[in-house]
Protein chains: 2
Amino acid sequence: MIPIEIIEKYDAVRRFYKKSEIIFEKDSFATHYYQIISGSVKMNNFNDEGREFIQGFFTVHQCFGEPPLFLERTYPANAEAVEDSELICVSKPNFLKLIAENPSVSIIMIKNLAQRLHYKSVMAAEISTEDSEHRLLQLFDYSITYFNFKKEQEGFHIDLTRQQMGDLTGLRVETVIRTIKTLEKKSEVKIVNRKVYR
Amino acid sequence: MIPIEIIEKYDAVRRFYKKSEIIFEKDSFATHYYQIISGSVKMNNFNDEGREFIQGFFTVHQCFGEPPLFLERTYPANAEAVEDSELICVSKPNFLKLIAENPSVSIIMIKNLAQRLHYKSVMAAEISTEDSEHRLLQLFDYSITYFNFKKEQEGFHIDLTRQQMGDLTGLRVETVIRTIKTLEKKSEVKIVNRKVYR
DNA sequence: AACTTTTTATGACCTATATCATAATGACCC
DNA sequence: GGGTCATTATGATATAGGTCATAAAAAGTT
């Protein structure tokens, strides 16, 4: 996202996070800019019954959790390392200085936010009005480009667990499993060795 | 949003739209920047069965539909005038020029996108994991600040029709009507003269 | 004032998805 | 190689919210 050379001019700190370690929590105040050097991160919410909703996954070179930095707000969701990860962090005042002094970075931020807003707009409409088959297909098609899944023999490999698919679309695992099977019967996806291809 | 004086330097055109008139359609390519001079606009989707989902309402001084301008993409939703409205429009090349030449506008755009991403993040989690009572209360609380509804005797007046509440939360009108009534019994909202107060 | 349209309202019934229980398979680890 | 945990799987049952029908109040139109 933001070139590392630029970030490093602003007192950046590298930090390692173990798998499942929490990076920041919902409702806490935003104090840093985070960008991924290696590994991957998810942002999520939990409702009162402990049910998870995954806002999105973020991987190498991507940043996450900036909106509250610009809004003087708390985070709308938690951030958690999906695997062992290395992040580079910049404090809020330094980050705002970085933005002000590097106009090219503003454009990068704008494109990045626009991209994520686009994903959320598409998924919001899906989740609220469409049935489970439609929701999952939309997720697959969107995530192929967005997470750049690899094309293999059978098609693009949707590298998500059934649980993750559910948490991204607001469906339960059992429903995801059943829906995927009917999608397979309708030749919308292939299932080989429990892996899903589209 | 962007000061009118600046916009007018870039071959801006003012256009009037009648109530219910379409400003742009989903899947069409983004060619202009739009900002509201007077009136209000909604962005929405329709699914195959004609069911509507409202992405959001936009009112005086706000802009809408910029993300695809930055992404070389088509619109993820339609835009429609909610009432007779006057908009000021700038062509895409002129708009990008405007951004490049006015660094202060970049910051405005970033804050604007961050704000909307925040709303979508909150509502996405609500819609996918919470029940109808929770969803509506969240919508009310969020829209009080976001649409700046006025505080009256009974509380903040939630100036939305039941249908609009449903289209914003992915619920049906009947469900909204029934849920609001139980919320009234639980003293979470007041209903006076069919109007909802929180 | 008569008409049409929109909004709110209520009841009866239905269905997609959630819930709960239970288990097999595969991955990881000591 | 045996134990633990995560993932996939399947069946039985429950339920929140959707669907359909019908209507009355309010708002807007001519």
Side-chain angles (χ1 to χ4, degrees), chain A residues 18-20 42 46-54 80-84 126-137 139 157-186 189-197, chain B residues 18-20 42 46-54 80 82-84 126-139 157-186 189-197:
Chain A
K18 284 268 161 212
K19 179 178 173 175
S20 301
K42 70 176 171 182
F46 293 96
N47 75 358
D48 307 336
E49 284 95 50
R51 185 165 171 194
E52 183 175 4
F53 174 72
I54 299 177
E80 177 186 325
V82 175
E83 52 190 317
D84 291 0
E126 282 298 315
I127 288 175
S128 59
T129 64
E130 304 286 0
D131 59 30
S132 59
E133 294 183 22
H134 209 282
R135 279 196 230 185
L136 284 168
L137 285 179
L139 172 70
H157 174 204
I158 310 299
D159 193 9
L160 296 167
T161 66
R162 270 79 167 150
Q163 182 65 62
Q164 290 173 330
M165 293 173 191
D167 292 343
L168 284 160
T169 54
L171 298 168
R172 313 251 67 175
V173 217
E174 298 94 324
T175 307
V176 171
I177 290 167
R178 286 166 184 143
T179 306
I180 290 178
K181 299 221 158 152
T182 60
L183 284 174
E184 191 193 20
K185 274 178 206 142
K186 294 182 181 177
V189 299
K190 280 186 188 171
I191 304 179
V192 181
N193 214 354
R194 295 178 158 206
K195 288 175 188 164
V196 179
Y197 296 91
Chain B
K18 283 270 160 211
K19 178 178 175 176
S20 301
K42 70 175 170 181
F46 294 96
N47 74 0
D48 307 336
E49 285 94 51
R51 185 165 170 195
E52 182 176 4
F53 173 72
I54 299 178
E80 176 185 327
V82 174
E83 53 192 315
D84 291 0
E126 282 298 316
I127 288 175
S128 58
T129 64
E130 304 285 3
D131 59 29
S132 60
E133 294 183 20
H134 209 282
R135 280 196 230 182
L136 283 167
L137 286 178
Q138 184 69 56
L139 172 70
H157 174 204
I158 309 298
D159 193 10
L160 296 168
T161 67
R162 271 81 168 147
Q163 183 64 62
Q164 290 172 330
M165 293 173 192
D167 292 342
L168 283 160
T169 54
L171 299 168
R172 311 252 67 172
V173 217
E174 298 94 325
T175 307
V176 171
I177 289 167
R178 286 164 183 144
T179 305
I180 290 178
K181 297 222 156 146
T182 60
L183 285 174
E184 191 192 21
K185 274 178 205 142
K186 295 181 181 177
V189 301
K190 280 186 188 171
I191 304 179
V192 181
N193 214 355
R194 298 179 156 207
K195 288 175 189 165
V196 180
Y197 297 92

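First the proteins, then the strands, lettered A, B, ... as listed; each starts at 1. Quick note: numbers below take in every heavy atom, side chains included, and nothing from hydrogens, waters or symmetry partners.
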B:E126 CD - D:dG17 P separation (whole Å): 13 Å
Could you tell me how far apart B:D167 (CG) and C:dT6 (C1') are, to the nearest whole angstrom? 14 Å
Taking side-chain hydrogen bond (donor to acceptor under 3.5 Å, both in side chains) as the test, write out the residues that go with B:Q138, two or more places apart. none
Show me the pairs that pass side chain to side chain donor-acceptor pair (under 3.5 Å) and involve residues 158-172 of chain B, at least two apart or across chains. B:Q163-B:D167
Which residues pass the side-chain hydrogen bond (donor to acceptor under 3.5 Å, both in side chains) test with A:E184, not counting sequence neighbours? none
How long is the line joining CG of B:L136 and C1' of D:dG17, in whole Å? 12 Å
Per-nucleotide protein contact along nucleotides 7-21 of chain C, 5' to 3', at a 4.0 Å heavy-atom cut-off (B base, S sugar-phosphate only, - neither), is SSBBBB----SSBB-
Who pairs with A:E133 by salt bridge (Lys or Arg N to Asp or Glu O under 4.0 Å), at least two apart in sequence or on another chain? A:K186
Going by the rule salt bridge (Lys or Arg N to Asp or Glu O under 4.0 Å), which residues pair with A:K185 if we only count those two or more places apart in sequence or in a different chain? none
Taken in chain and number order and not counting sequence neighbours, the residues that satisfy side-chain hydrogen bond (donor to acceptor under 3.5 Å, both in side chains) with B:T129 are none
Quick one: A:N193 CG to D:dA9 C1', roughly how many Å, whole number? 15 Å
Provide, to the nearest angstrom, the distance between the CG atom belonging to B:D84 and the C1' atom belonging to D:dG28. 14 Å
Between CD of A:E52 and P of D:dT7 the distance, given in whole Å, is 11 Å
With A:E52, which residues qualify under salt bridge (Lys or Arg N to Asp or Glu O under 4.0 Å), at least two apart? A:K42
Considering the terminal five base pairs at each end of the helix from C:dA1-D:dT30 to C:dC30-D:dG1, what angle separates the two local helix axes, rounded to 10°? 60°
Of all heavy-atom pairs between B:F53 and B:L168, which one has the smallest distance, and what is that distance? CE1-O, 3.7 Å
